[in-house]
Protein chains: 2
Amino acid sequence: MDYKEEIKVFSSFLKRRGLKHTDQREEILKAFLSEEKHLTADDLYLLVMKKNPAIGHATVYRTLKLLCGANLASEIYLKDNRVCYEHKYGHRAHEHMVCVHCGKTIELRIPEIESLVKKVEKEHGFKLNDYALKLSGICAKCGKDTK
Amino acid sequence: MDYKEEIKVFSSFLKRRGLKHTDQREEILKAFLSEEKHLTADDLYLLVMKKNPAIGHATVYRTLKLLCGANLASEIYLKDNRVCYEHKYGHRAHEHMVCVHCGKTIELRIPEIESLVKKVEKEHGFKLNDYALKLSGICAKCGKDTK
DNA sequence: ATGATATTGATAATCAATATCAAGTAGGGG
DNA sequence: CCCCTACTTGATATTGATTATCAATATCAT
Ligand SMILES: [Mn+2]
Ligand SMILES: [Mn+2]
Ligand SMILES: [Zn+2]
Ligand SMILES: [Zn+2]
């Protein structure tokens, strides 16, 4: 767990943009990478706090934006459309299915989506950055409970 | 443009839930139906104001939630993930493509999505309410401008 | 018409996310 | 290694959208 690869990616991103590599930024990146799941900015803030209580709220928000810029993280919108972040570096595109009752989130892999999306992109002259497919409903467990 | 159908749907929804049919609610529904596009709660508030300046901000928010409950409206999330509302009654499911630069939104119809989604639903024992596919990128016009 | 109950609109409160800004730091050039 | 300057930081205030509160009012089954 040294995250050497990701740190290098982040460093070169920062340099390319004339930004500085600070201890806070690296600590936040490491904390982010240490949890293989969907985190809100505040979740990450709490995580970072445990290691270094001096790091400010705003810095976590700012750094998450940078991580997205460096393609190390991506924003996603799950339950109640709260902004969450997930790992992007070395992770394939995927879709999400969210239980509107308990919030449980399942990651899907529907490869057919990609080509459908590509086709549409061409048809409309769009230059596509990204796409997101979110299914919402009631998970098996909640369906049983409320029956 | 008397919206008779929709008003009846709304009325029976309200009755079924033990809620009351008020002038404000009907006015807000009519204003909502009068614009065939994606509106924020505040967009709708401004629209309603023109007809009846006495109607409060909060009532518009509250009524939009009811319209969603009655399947007359649905929430969507476009640029910057602002909450918008669109007509649902008598409208087929569709997908959206949004330009991250200018906000231009195109409605798509990708019928293949439906069956893909249904398949996944079964596989995971979910009871699906809804799904949303959003493509984001740079539209043809913005692509030309920034070239 | 009556009365229980839902609704309204002004207002305050909340919440996540940003902006501000003085003090501190990184890091390239010398 | 030191300087200088532009970038960063963290505390704090601010924003902007949405929701909660609550006294006054309207609805509707009876
Ligand atoms: Mn995911
Ligand atoms: Mn639409
Ligand atoms: Zn569930
Ligand atoms: Zn555009």
Side-chain angles (χ1 to χ4, degrees), chain A residues 7 10-29 31-32 38-70 73-85 103, chain B residues 7-8 10-29 31-32 38-70 73 75-85 103:
Chain A
I7 290 172
F10 193 32
S11 271
S12 66
F13 167 81
L14 293 171
K15 185 160 290 181
R16 197 177 334 128
R17 293 265 267 254
L19 305 174
K20 291 172 179 170
H21 187 137
T22 66
D23 292 347
Q24 290 93 331
R25 284 174 179 170
E26 187 167 325
E27 277 193 72
I28 290 166
L29 170 57
F32 173 66
H38 303 137
L39 291 171
T40 63
D42 205 62
D43 292 338
L44 181 56
Y45 173 63
L46 293 175
L47 207 57
V48 166
M49 284 281 276
K50 287 191 208 152
K51 284 282 182 185
N52 182 351
I55 290 182
H57 211 237
T59 302
V60 173
Y61 275 89
R62 290 187 283 232
T63 302
L64 277 168
K65 297 261 181 240
L66 294 175
L67 296 181
C68 291
S74 49
E75 285 191 342
I76 57 173
Y77 301 86
L78 300 173
K79 180 113 189 294
D80 300 322
N81 254 57
R82 293 190 317 155
V83 184
C84 286
Y85 295 85
Chain B
I7 291 172
K8 179 166 282 181
F10 193 32
S11 272
S12 65
F13 167 81
L14 292 171
K15 185 161 289 181
R16 197 177 335 128
R17 293 264 268 254
L19 304 175
K20 290 171 180 171
H21 188 136
T22 66
D23 292 347
Q24 290 95 329
R25 284 174 178 170
E26 187 166 325
E27 277 193 70
I28 291 167
L29 170 57
F32 173 67
H38 303 137
L39 291 171
T40 64
D42 204 60
D43 291 338
L44 181 56
Y45 172 63
L46 294 174
L47 208 56
V48 166
M49 285 279 277
K50 287 190 208 154
K51 285 281 180 186
N52 181 350
I55 290 183
H57 212 233
T59 303
V60 173
Y61 275 89
R62 290 186 285 231
T63 303
L64 276 168
K65 298 260 181 242
L66 294 175
L67 295 181
C68 291
E75 285 190 342
I76 57 174
Y77 301 86
L78 301 172
K79 180 113 189 295
D80 300 322
N81 257 60
R82 292 189 317 153
V83 184
C84 286
Y85 294 86

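By convention in this document, chain letters (A, B, ...) are assigned in the order of the sequence lines, proteins followed by strands, and residues within each chain are numbered from 1.
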Name all residues meeting the side-chain hydrogen bond (donor to acceptor under 3.5 Å, both in side chains) criterion together with [X]; count only those two or more places apart in sequence or in a different chain, and write none if there are none.
X	result
B:S12	none
A:E27	A:N52
B:T40	B:D43
A:Y85	A:E75

B:K15 vs B:H57, nearer the 5' end of DNA chain D by closest nucleotide |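 By nearest-heavy-atom nucleotide position, the 5'-most residue is B:H57.
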
Can you sort out which residues in residues 43-56 of chain B have a heavy atom within less than 4.0 Å of DNA chain D? Ascending by number, please.
->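 None, since no heavy atom is under 4.0 Å.
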
Atom-pair distance (CZ on B:R62; P on D:dA17), nearest Å |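 Taking CZ of B:R62 and P of D:dA17, I get 18 Å after rounding.
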
Would you kindly give the OH-to-P distance between A:Y61 and D:dA11, to the nearest whole Å?
->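 From A:Y61 OH to D:dA11 P: 15 Å.
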
Give the intermediate values and the outcome of side chain to side chain contact (heavy atoms under 4.5 Å, CB included) for residues B:H21 and B:I7.
-> CA-CA 10 Å; B:H21 188 136; B:I7 291 172; 4.1 Å; yes

Distance-minimising heavy-atom pair for A:A31 and A:V48 |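 Smallest heavy-atom distance, with atoms named: CB-CG2, 3.7 Å.
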
Near DNA chain C, under 4.0 Å by heavy atom, which residues of residues 18-29 of chain A?
->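 The answer is A:K20, A:H21.
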
When rounded to the nearest 0.5 angstrom, what is the spacing between [atom1] in [X] and [atom2] in [Y]?
X	Y	atom1	atom2	answer
B:K8	B:S11	NZ	OG	9.0 Å
B:C84	B:I76	SG	CD1	5.5 Å
A:I28	A:D23	CD1	CG	11.0 Å

Can you find a heavy atom in the side chain of A:R82 that is under 4.5 Å from one in the side chain of A:Y77?
->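 No, their side chains stay 4.5 Å or more apart.
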
Check ring-ring contact (aromatic ring centres under 6.0 Å, His included) between A:F32 and all other residues, then give those that pass, not counting sequence neighbours.
->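 If we apply the ring-ring contact (aromatic ring centres under 6.0 Å, His included) test to A:F32, skipping adjacent residues, the hits are A:H87.
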
Axial bend angle, the helix from C:dA1-D:dT30 to C:dG30-D:dC1: five-pair end segments, nearest 10° |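 The end axes of the helix from C:dA1-D:dT30 to C:dG30-D:dC1 are about 40° apart, to the nearest 10°.
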
Terminal contacting nucleotides, 5' and 3', DNA chain C versus chain B (heavy atom, 4.0 Å) =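 Boundary nucleotides touching chain B, in 5' to 3' order, are C:dT5 to C:dG9.
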
Contacts under 3.5 angstrom, residues 54-64 of chain B side chains, donor-acceptor by atom type, not counting sequence neighbours:
from	atom 1	to	atom 2	distance (Å)
B:H57	NE2	B:D42	OD1	2.9
B:T59	OG1	B:R62	NH2	3.3
B:T63	OG1	B:T59	O	2.7

Side-chain polar contacts of residues 13-20 of chain B - donor-acceptor pairs under 3.5 angstrom, sequence neighbours left out - could you list them?
none

